[in-house]
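Throughout, residue positions are numbered sequentially from 1 according to the sequence presented.
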Amino acid sequence: MLVYKTTRNILIGFGIANISLLIFILIAGSNGWTQMDMGFLRAQVIGSMAYGAFCGIVSLVFESDRMSLIQKTSIQLFAFVFGYGIFGYALGWFRSFENMLLMFTIYIVIYMIIWLCIYFFQRRLADELNKGIR
């Protein structure tokens, strides 16, 4: 079962990474960036897919029943940010230290918004299920 979940999460990570890369390419094209080096594009595709796979594997931390939600979230957030820093540095996503700090801040804010949306959705779903049982 773990192999299935790992494979599923890796494929989901691939999909999210490629959607993100597509959004980047569309924005770059609309801002006049009409030519791109194929070597650069290849590195970005492979790198973003590798980061997506990494994120998919890290998300398996939520399969554990031995840790609290806060522990799982902390581990996932730390791993995501650490991985983002490593992949971002290797792929040239940051132009300066200040740019890197700004990108980390944006990344953490987006993470927290998504996490809160999922949390409140799951909480509402659990409340509805509990209401249906009574």
Side-chain angles (χ1 to χ4, degrees):
M1 194 60 151
L2 182 62
V3 172
Y4 168 76
K5 289 179 181 180
T6 303
T7 304
R8 179 198 65 202
N9 284 12
I10 288 172
L11 292 175
I12 290 169
F14 283 172
I16 292 171
N18 282 312
I19 289 169
S20 300
L21 190 58
L22 175 63
I23 291 169
F24 164 76
I25 290 170
L26 292 173
I27 291 171
S30 69
N31 287 331
W33 193 10
T34 57
Q35 295 184 1
M36 189 177 299
D37 176 52
M38 289 306 292
F40 174 77
L41 182 60
R42 183 179 24 249
Q44 294 303 313
V45 169
I46 292 170
S48 64
M49 288 179 70
Y51 181 63
F54 170 78
C55 289
I57 292 169
V58 168
S59 294
L60 290 172
V61 74
F62 283 98
E63 300 292 326
S64 173
D65 293 330
R66 296 183 301 190
M67 292 185 278
S68 71
L69 183 61
I70 297 296
Q71 289 173 319
K72 294 175 192 179
T73 302
S74 299
I75 290 169
Q76 185 190 42
L77 178 60
F78 176 76
F80 278 9
V81 170
F82 182 75
Y84 182 66
I86 298 295
F87 281 90
Y89 179 77
L91 294 170
W93 294 346
F94 314 121
R95 300 199 189 286
S96 65
F97 183 71
E98 293 80 17
N99 178 257
M100 183 177 75
L101 291 178
L102 175 66
M103 297 305 288
F104 278 156
T105 302
I106 292 169
Y107 190 93
I108 291 169
V109 168
I110 290 171
Y111 177 90
M112 294 182 79
I113 290 170
I114 292 170
W115 189 90
L116 287 171
C117 289
I118 292 170
Y119 174 77
F120 286 121
F121 174 77
Q122 293 290 330
R123 190 168 162 180
R124 190 182 85 218
L125 185 62
D127 289 344
E128 289 175 9
L129 288 172
N130 287 335
K131 195 181 302 180
I133 292 174
R134 292 180 210 172

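Under a hydrophobic-cluster definition in which Ile, Leu, Val, Met, Phe, Trp and Tyr are linked whenever side-chain heavy atoms come within less than 4.5 Å, directly or via other members, I16 and V45 are assigned to different clusters. Placement of V81 and L91 within a single hydrophobic cluster is found when ILVMFWY residues are connected by side-chain heavy-atom separations under 4.5 Å, directly or transitively. Hydrophobic clustering (ILVMFWY, side-chain heavy atoms < 4.5 Å, transitive): I110 and L102 are in one cluster. F121 and I113 fall into different hydrophobic clusters, where Ile, Leu, Val, Met, Phe, Trp and Tyr are joined by side-chain heavy atoms under 4.5 Å apart, directly or via other members. Hydrophobic clustering of Ile, Leu, Val, Met, Phe, Trp and Tyr side chains at less than 4.5 Å, counting indirect connections, unites M38 with F40.
Summarising the hydrophobic clusters (Ile, Leu, Val, Met, Phe, Trp, Tyr; side-chain heavy atoms under 4.5 Å, direct or chained), the residues clustered with I70 are none. Grouped with V3 in a hydrophobic cluster is no other residue, since no side-chain heavy-atom contact under 4.5 Å to another Ile, Leu, Val, Met, Phe, Trp or Tyr is found.
Among all heavy-atom pairs drawn from V58 and A79, the shortest one is CG1-CB, 3.7 Å. Residues F87 and A50 come closest through the heavy atom pair CE2-CB, 3.6 Å.
Using a 4.5 Å heavy-atom threshold, the side chains of M103 and F94 count as touching. Using a 4.5 Å heavy-atom cutoff, the side chains of F24 and L21 are in contact. A 4.5 Å side-chain heavy-atom check between L69 and Y119 finds at least one atom pair inside the cut-off.
Residues passing the side chain to side chain contact (heavy atoms under 4.5 Å, CB included) test with S59 are N9, Q76, F80, sequence neighbours excluded. Shown here are the side chain to side chain contact (heavy atoms under 4.5 Å, CB included) partners of F14, two or more places apart in sequence or in another chain: I10, L11, M49, A53. When the salt bridge (charged side-chain N to carboxylate O under 4.0 Å, His left out) test is applied to K5, the partners found at least two apart in sequence or on another chain are E63. The side-chain hydrogen bond (donor to acceptor under 3.5 Å, both in side chains) search around Y107 returns Y51, not counting sequence neighbours. For the side-chain hydrogen bond (donor to acceptor under 3.5 Å, both in side chains) test, no residue two or more places apart in sequence or in another chain qualifies with S48. Checked against salt bridge (charged side-chain N to carboxylate O under 4.0 Å, His left out), R66 has no partners two or more places apart in sequence or in another chain. The side chain to side chain contact (heavy atoms under 4.5 Å, CB included) check on I75 picks up V61, M67, with sequence neighbours excluded. Take R42 and apply the side chain to side chain contact (heavy atoms under 4.5 Å, CB included) test, not counting sequence neighbours, and it matches I46.
The stretch residues 10-30 participates, sequence neighbours left out, in no side chain to side chain donor-acceptor pair (under 3.5 Å) pair at all. Residue pairs satisfying the salt bridge (Lys or Arg N to Asp or Glu O under 4.0 Å) criterion with at least one member in residues 105-130, sequence neighbours excluded, are listed as follows: R124-E128.
Here the CG atom belonging to L125 is positioned 14.5 Å from the CZ atom belonging to F120, to the nearest 0.5 angstrom. With values rounded to the nearest 0.5 angstrom, F82 atom CZ is found 13.5 Å from L77 atom CG. Here the straight-line distance linking atom OG1 of T7 with atom CD1 of I57 works out to 9.0 Å at 0.5 Å rounding. Considering CD1 of I106 and CG of L101, their distance stands at 11.0 Å, rounded to 0.5 Å.
Atom CZ of F62 sits in a crowded spot, with more than 12 heavy atoms from other residues, nucleotides or ligands closer than 6.0 Å.
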